[in-house]
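Side chains included, hydrogens not; waters and symmetry mates left out as well; all remaining heavy atoms used. Just so you know, residue 1 is the first one in the sequence shown, and it goes up from there.
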Amino acid sequence: FFQHVFVTNILCTSLNGFARRSAEMPPRDVAAWVNGLFRQLTDLVQRFDGVPVKYVGDGFLCFFSGVHHADRALEAALRAKTVTQNPNLVIALHSGEIFLGSIGHPDYARPDIMGNTVNTAFLVNGWVAAHAPAGVGLTEAAAQLLEQRPALKKHEKVTITGLPAPVALYEPAPEKTV
């Protein structure tokens with residue numbers, strides 16, 4: 001399997017209340033529930049030329065690379081919220097360098113992505129879950145790469161445990177009704 005390092009946009013998800021809800025359900029029902037969601041997310045991400053990487057519990061990880069990767073990632077995130085109609089779906093976007101390669105014991109290794117960019121996306125996802133009513137958040141690094149300039153609400157100097165310094169985060173601004 002190849003190994004490569006490049007700049008990309010990470011999209012990761014979680015579900016608010018997953019642990020509580022899954023504790024009340026038989027394991028087979030939990031699997032059916034998340035598989036339905038993961039099917040929708042995967043199909044949607046692929047429509048925007050994203051690359052699904054893995055599913056862990058309620059988490060989904062993928063990346064976008066190439067031309068307009070930040071715009072495609074944000075559009076996929078916004079559409080995911082609409083298509084799934086799941087108010088508990090939380091999505092974080094972050095852009096930076098990743099390692100793509102085979103990870104794990106040689107007999108069981110699978111393609112995966114790693115690095116600070118992936119870690120930051122997951123840490124930001126926790127903040128989005130608690131503080132972003134839209135359920136979608138992106139870092140300054142991802143926002144700066146957007147070529148189409150959607151309306152974004154900026155949160156400055158957000159402190160997130162695990163990150164070395166406060167960061168600026170954005171969430172889609174609520175649409176104004178006339």
Side-chain angles (χ1 to χ4, degrees), residues 8-48 50-64 72-95 98 100 102-105 107-139 142 150 152-153 155 158-163 166-167 169-175 177:
T8 184
N9 207 97
I10 300 298
L11 181 151
C12 67
T13 73
S14 65
L15 289 169
N16 275 337
F18 173 78
R20 182 183 18 70
R21 183 171 176 190
S22 64
E24 299 167 352
M25 299 168 66
R28 189 178 305 265
D29 292 348
V30 174
W33 171 45
V34 296
N35 279 338
L37 177 64
F38 289 155
R39 174 69 184 256
Q40 289 180 303
L41 290 172
T42 301
D43 288 348
L44 196 108
V45 160
Q46 289 179 317
R47 265 189 259 145
F48 290 93
V51 178
V53 176
K54 65 181 166 185
Y55 315 93
V56 178
D58 64 326
F60 171 58
L61 175 66
C62 69
F63 70 91
F64 295 79
R72 290 185 286 112
L74 180 57
E75 185 62 29
L78 296 174
R79 292 265 180 97
K81 290 295 290 185
T82 302
V83 169
T84 65
Q85 296 184 352
N86 188 328
N88 297 319
L89 179 64
V90 178
I91 303 171
L93 303 167
H94 181 53
S95 192
I98 63 166
L100 168 64
S102 187
I103 304 295
H105 184 281
D107 292 344
Y108 302 97
R110 297 285 183 261
D112 202 350
I113 57 176
M114 299 191 114
N116 187 47
T117 301
V118 177
N119 297 340
T120 299
F122 277 107
L123 292 170
V124 166
N125 191 274
W127 182 90
V128 173
H131 301 286
V136 176
L138 57 158
T139 63
L152 298 174
K153 177 182 177 184
H155 301 272
V158 174
T159 300
I160 297 176
T161 302
L163 295 182
V167 294
L169 297 178
Y170 297 81
E171 65 179 300
E175 293 184 21
T177 56

Tell me every residue that passes ring-ring contact (aromatic ring centres under 6.0 Å, His included) with F60, counting only those two or more places apart in sequence or in another chain.
Y55
Taking all non-hydrogen atoms of both residues, which atom of P52 and which atom of C62 are closest, and how far apart?
CA-CB, 3.8 Å
Partners meeting side-chain contact (heavy atoms from CB on, under 4.5 Å) with V34 (sequence neighbours left out):
F18, F38
I need the Y170 OH to H155 NE2 distance, nearest 0.5 Å.
10.5 Å
Considering all heavy atoms of both residues, which atom of V53 and which atom of P111 are nearest to each other, and what is their separation?
CG1-O, 4.3 Å
Applying side-chain hydrogen bond (donor to acceptor under 3.5 Å, both in side chains) as the test, list every pair that has at least one member in residues 81-94; sequence neighbours left out.
H94-T139
Would you please name every residue forming a side chain to side chain donor-acceptor pair (under 3.5 Å) with Q40, sequence neighbours left out?
none
A77 and I91 have their tightest heavy-atom pair at O-CD1, 3.5 Å
Non-hydrogen atoms of L74 and P150 that approach each other most closely:
CD2-CG, 3.7 Å
Residues forming a side chain to side chain donor-acceptor pair (under 3.5 Å) with H131, sequence neighbours excluded
none
T13 side chain vs V90 backbone, donor-acceptor pair below 3.5 Å
no
Residue of the set L93, T117, T120, N125 for which side-chain contact (heavy atoms from CB on, under 4.5 Å) holds with I10
T117
For K54, which residues count as a side chain to side chain donor-acceptor pair (under 3.5 Å) partner, sequence neighbours excluded?
D112
Once rounded to the nearest 0.5 Å, what's the spacing between atom CG of L138 and atom CD of E171?
9.5 Å
CG/N9 to CZ/F63 distance, rounded to the nearest 0.5 angstrom?
11.5 Å
Please identify each residue that fulfils side-chain contact (heavy atoms from CB on, under 4.5 Å) with L123, with sequence neighbours left out.
I160, L163
Are any non-hydrogen side-chain atoms of L15 and L37 less than 4.5 angstrom apart?
yes
Which distance, rounded to the nearest 0.5 Å, do you find between the CG of N116 and the CD1 of I98?
12.5 Å
Supply the atom-to-atom distance R110 CZ to I103 CD1, rounded to the nearest 0.5 angstrom.
13.0 Å
May I have all residue pairs that pass side-chain hydrogen bond (donor to acceptor under 3.5 Å, both in side chains) and include part of residues 16-39, sequence neighbours excluded?
R39-D43
Which heavy atom in L41 sits nearest to a heavy atom in A80, and how many Å separate them?
CD2-CB, 3.7 Å
Atom of V128, atom of G137 and distance for their closest heavy-atom approach:
CG2-CA, 3.6 Å
Taking side-chain contact (heavy atoms from CB on, under 4.5 Å) as the test, write out the residues that go with P87, two or more places apart.
none
Excluding sequence neighbours, so at least two apart, what forms side-chain contact (heavy atoms from CB on, under 4.5 Å) with A109?
S102
Just to verify, what does R79 make a side chain to side chain donor-acceptor pair (under 3.5 Å) with, not counting sequence neighbours?
E75
